[in-house]
Trainee: 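Here it is, the structure in full.
All residue numbers refer to positions in the sequence shown, counting from 1. We count ligands from 1, going down the list as the structure has it; atoms in each ligand are counted the same way. As the structure is a computational prediction, the values presented were derived from the model and not from experiment.
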Amino acid sequence: MSIATLAPAFPERCPVLPEALMPLCEIARNYWWTWNPDHLTIFREMDPALWERTSHNPVRMLEEVSYLRLAALATDVNYLATLQRMVKSYRAYMAAEDTWAKRTMKSYNWQRPIAYFCAEYGLHESLPTYSGGLGMLAADHLKSASDLGVPMVAIGLLYRQGYFQQRLDNSGWQGELYEDSEFDSLPLTLVRGQDGNPLLVEVAMRQRLVKARTWRVDVGRVPLFLLDTDIPENDPIDRWITGHLYGGSTDTRIAQECILGIGGVRLLRQLGLDPSVYHMNEGHAAFLTLELLREEISRGTPFLAAEPKVREKCLFTTHTPVPAGHDAFSPNEMDAFFASFWPQLGLTREQFLALGARRTGDPWERFNMTVLALRYARAANGVSKLHGRVSREMWHVLYPERSVDEVPIGSITNGVHARTWISPLFWNLYDQYLGPDWLERISDPEVWARVNEIPDEELWRRKAALRERLVSFARHRVLRSRRNRGEANERIQAVGHLLDPKILTIGFARRFSTYKRGDLILRDLERITRIFTNKDYPVQIIFAGKAHPRDEGGKRLIQRVVEWSNQPEVADRIAFIENYDAYVGRNLVQGVDVWLNNPRRPLEASGTSGQKVGFSGGLNLSVLDGWWPEGYNGHNGWAIGQEIDGLDPAAQDDLDANSLYDLLEYEVIPMFYDRDEHGIPRRWVARMKEAIRTLNPVFNTDRMVAEYVLKMYEPEHMSAEVRPTLSGSAVAG
Ligand SMILES: *Cc1c(COP(=O)(O)O)cnc(C)c1O
């Protein structure tokens with residue numbers, strides 16, 4: 001196989017459409033459509049009810065929409081004009097020769113691409129192959145890599161039942177719903193070999209040969225290959241290896257990581273690809289280093305000579321600032337999967353297990369995926385400056401001969417894919433005021449300085465419209481949940497006065513795990529209730545987020561929040577939206593005035609949801625953790641609390657909660673309601689502009705991917721003349 005493998009797959013199946021609408025089929029099968037602003041007209045307007053029912057999946061939609069409706073659209077000149085514009089834009093995008101990467105990258109070569117590995121990808125709500133931040137980041141990475149023209153292929157797993165769907169019972173306790181995805185109705189193309197049969201990758205484990213087929217998803221110019229073991233050729237147990245994301249036993253987890261890492265490299269070989277770089281996004285993919293070693297050794301290279309060759313090609317991004325968050329498997333667990341593998345490396349069991357050991361010589365030491373990744377990565381990074389520092393301290397144990405500062409883990413701070421997260425209302429505003437090429441120059445502070453030319457009234461009006469849309473979205477979702485739970489009629493009717501489109505709206509959406517302190521705001525129930533029920537300066541908050549199915553502590557946090565939201569005096573001011581996903585996320589980050597984030601420092605490696613808020617004029621109210629210490633300048637949001645060394649967690653929680661209340665009472669709320677004679681909160685709008693001006697040029701994935709290219713994929717740039725062509729702070733630091 002050859003480079004032809006990388007051209008977007010022509011749709012194998014295409015529903016019968018009127019001739020004029022045939023291009024819909026092409027567009028529906030590349031996730032590029034999700035970040036083209038015409039998609040709402042093209043797909044949602046086609047049939048809004050069906051659009052919602054299919055979870056915004058245009059492939060299924062084209063299968064199910066009535067032919068009558070299609071026939072009508074085929075004669076609708078406005079619709080056809082929009083479709084033509086979108087198709088033209090898509091084809092031009094796919095064919096573009098003059099990309100940033102082509103101008104910049106020395107190793108630009110689609111035959112030797114960057115291979116990006118991750119266990120989850122959050123491309124869109126229609127493809128449930130993600131659980132949260134890691135997947136969102138990986139997807140945004142691919143989208144910007146595509147926009148910049150970086151030769152990249154991505155490898156992941158296709159989960160039969162995704163993560164899970166969240167359903168709360170009447171007491172606010174989380175239940176999990178597992179449903180099969182219908183792969184045939186998703187924009188997935190089965191990858192076939194030259195003989196026309198599905199390409200199968202084989203990995204031996206548990207004394208069986210496990211086979212995986214591969215599905216291709218197009219993310220603009222970047223192909224994403226997802227491995228899937230659910231085929232009849234496999235033992236029934238092995239068919240479930242790719243059943244759930246982050247579910248199942250430790251055995252299943254190891255099996256998944258074998259498929260991802262070892263199977264992923266074998267797939268690339270079958271596709272005829274010899275990547276120049278293997279980027280392991282988090283430790284789940286680290287077994288790929290073992291397969292690269294095995295390849296070298298099978299060619300006759302001695303182990304000690306194979307190691308540096310592998311190291312030359314591997315990069316590692318770590319995302320977890322707590323030791324317990326890193327995958328680590330016991331020697332016994334490893335045996336079942338690798339007993340036939342280590343002889344192929346010419347190693348004994350002890351030598352093999354030492355590759356993943358934090359400390360050698362302890363037979364009970366667990367095999368740690370981060371240790372393995374660090375061992376074979378040419379370079380490694382954390383995802384914010386603070387997280388880089390924390391990671392250097394945490395992994396100092398592996399480099400005892402060096403000082404902490406010399407531990408070879410740097411940092412590249414996360415960003416978000418602007419085109420995905422920005423609201424159409426603000427996109428359009430930036431088109432008007434930032435210049436026609438603002439998206440191409442997104443990392444250029446000069447572009448964003450023009451935000452000062454936007455009239456306050458204009459900015460405020462648009463924010464108000466987004467808040468209003470969020471309120472109606474939240475009501476719609478809460479109504480649906482209450483109906484599904486069979487709640488009493490009066491509870492269902494009460495949704496009519498849940499939330500108010502005119503009042504200060506706070507959003508809090510994230511995974512519910514204890515360190516994120518989803519209930520910090522409830523620490524002093526009396527005080528927060530007083531704040532929320534103030535008649536003159538009211539506040540409301542919208543929550544969303546899942547707890548891991550086995551995290552009882554996280555589920556208790558959700559329950560506490562729901563119990564609070566049922567107190568009569570605040571019931572109209574608090575909403576919990578079930579089943580946080582990319583769509584709920586977009587609505588929230590676009591509609592809120594304030595985004596609340598209060599993790600226990602320094603446990604938030606980066607966080608990206610607060611960065612999304614900045615693109616639609618929201619303000620961050622956050623602990624100085626993750627990315628926020630790099631973003632906060634005193635005028636573009638607020639910083640909660642302060643870190644006091646050696647304070648016990650409960651005292652730190654008190655301190656942070658009090659700081660949060662003080663900020664709300666004395667700064668945030670008064671500023672929001674301080675209106676001039678036109679009803680405009682001038683000081684608030686000034687802060688919105690300051691946030692847009694200072695955060696957006698930095699915390700986007702175009703800047704981030706460029707930084708990966710220049711610092712990690714092609715480090716030789718670090719001294720080269722290319723630096724100035726990247727505007728803004730892209731390569732600073
Ligand atoms: C952006 C996003 C995340 C990650 O944001 P954090 O700040 O890390 O919580 C998680 N889930 C969804 C649905 C998102 O959109």
Trainee: Between Glu578 and Arg485, is there a side-chain N and carboxylate O pair less than 4.0 Å apart?
Mentor: yes
Trainee: Please report which non-hydrogen protein atom sits nearest to atom 11 (N) of ligand 1, along with the residue it belongs to and the distance in Å to one decimal place.
Mentor: Tyr580 CE2, 3.4 Å
Trainee: Counting heavy atoms only, which part of Arg586 comes closer than 4.0 Å to ligand 1: side chain, backbone, both or neither?
Mentor: neither
Trainee: Which atoms from ligand 1 have a heavy atom of Gly132 less than 4.0 Å away?
Mentor: 10 (C), 11 (N)
Trainee: Which residue pairs pass the salt bridge (Lys or Arg N to Asp or Glu O under 4.0 Å) test with at least one member in residues 587-598, sequence neighbours excluded?
Mentor: Arg467-Asp593
Trainee: Is it true that the NZ or CZ of Arg510 lies under 6.0 Å from the centre of Phe512's six-membered ring and within 45 degrees of the ring axis?
Mentor: no
Trainee: Determine whether the side chain, the backbone, both or neither of Asp581 has a heavy atom under 4.0 Å from any heavy atom of ligand 1.
Mentor: backbone
Trainee: How far is atom 8 (O) of ligand 1 from the closest protein heavy atom, and which atom is that?
Mentor: Gly607 CA, 3.6 Å
Trainee: Just jot down the ligand 1 atoms closer than 4.0 angstrom to any heavy atom of Trp421, in number order.
Mentor: 15 (O)
Trainee: Judging by distance only, is a nitrogen or oxygen of Tyr130 under 3.5 angstrom from one on ligand 1?
Mentor: no
Trainee: Go through ligand 1 atom by atom and flag the ones less than 4.0 Å from a non-hydrogen atom of Arg510.
Mentor: 7 (O), 9 (O)
Trainee: I'd like to know if Glu125 and Arg586 make a salt bridge, using a cut-off of under 4.0 Å between side-chain N and carboxylate O.
Mentor: yes
Trainee: Salt bridge or not between Asp147 and Arg221? Use side-chain N to carboxylate O under 4.0 Å.
Mentor: no
Trainee: For atom 6 (P) of ligand 1, what's the nearest protein heavy-atom neighbour? Residue, atom name and distance, please.
Mentor: Ser609 OG, 3.5 Å
Trainee: Could you tell me whether Arg703 and Glu707 make a salt bridge, using a distance below 4.0 angstrom between a side-chain N and a carboxylate O?
Mentor: yes
Trainee: Which residue holds the protein heavy atom closest to atom 4 (C) of ligand 1, what is that atom called, and what is the gap in Å?
Mentor: Gly133 CA, 3.4 Å
Trainee: Write out the residue and atom name of the closest protein heavy atom to atom 15 (O) of ligand 1, then the distance separating them to 0.1 Å.
Mentor: Lys612 NZ, 2.6 Å
Trainee: Salt bridge check: are Arg687 and Glu667 linked by an N-O gap of less than 4.0 Å?
Mentor: no
Trainee: Who pairs with Pro128 by side chain to side chain contact (heavy atoms under 4.5 Å, CB included), at least two apart in sequence or on another chain?
Mentor: Ser181
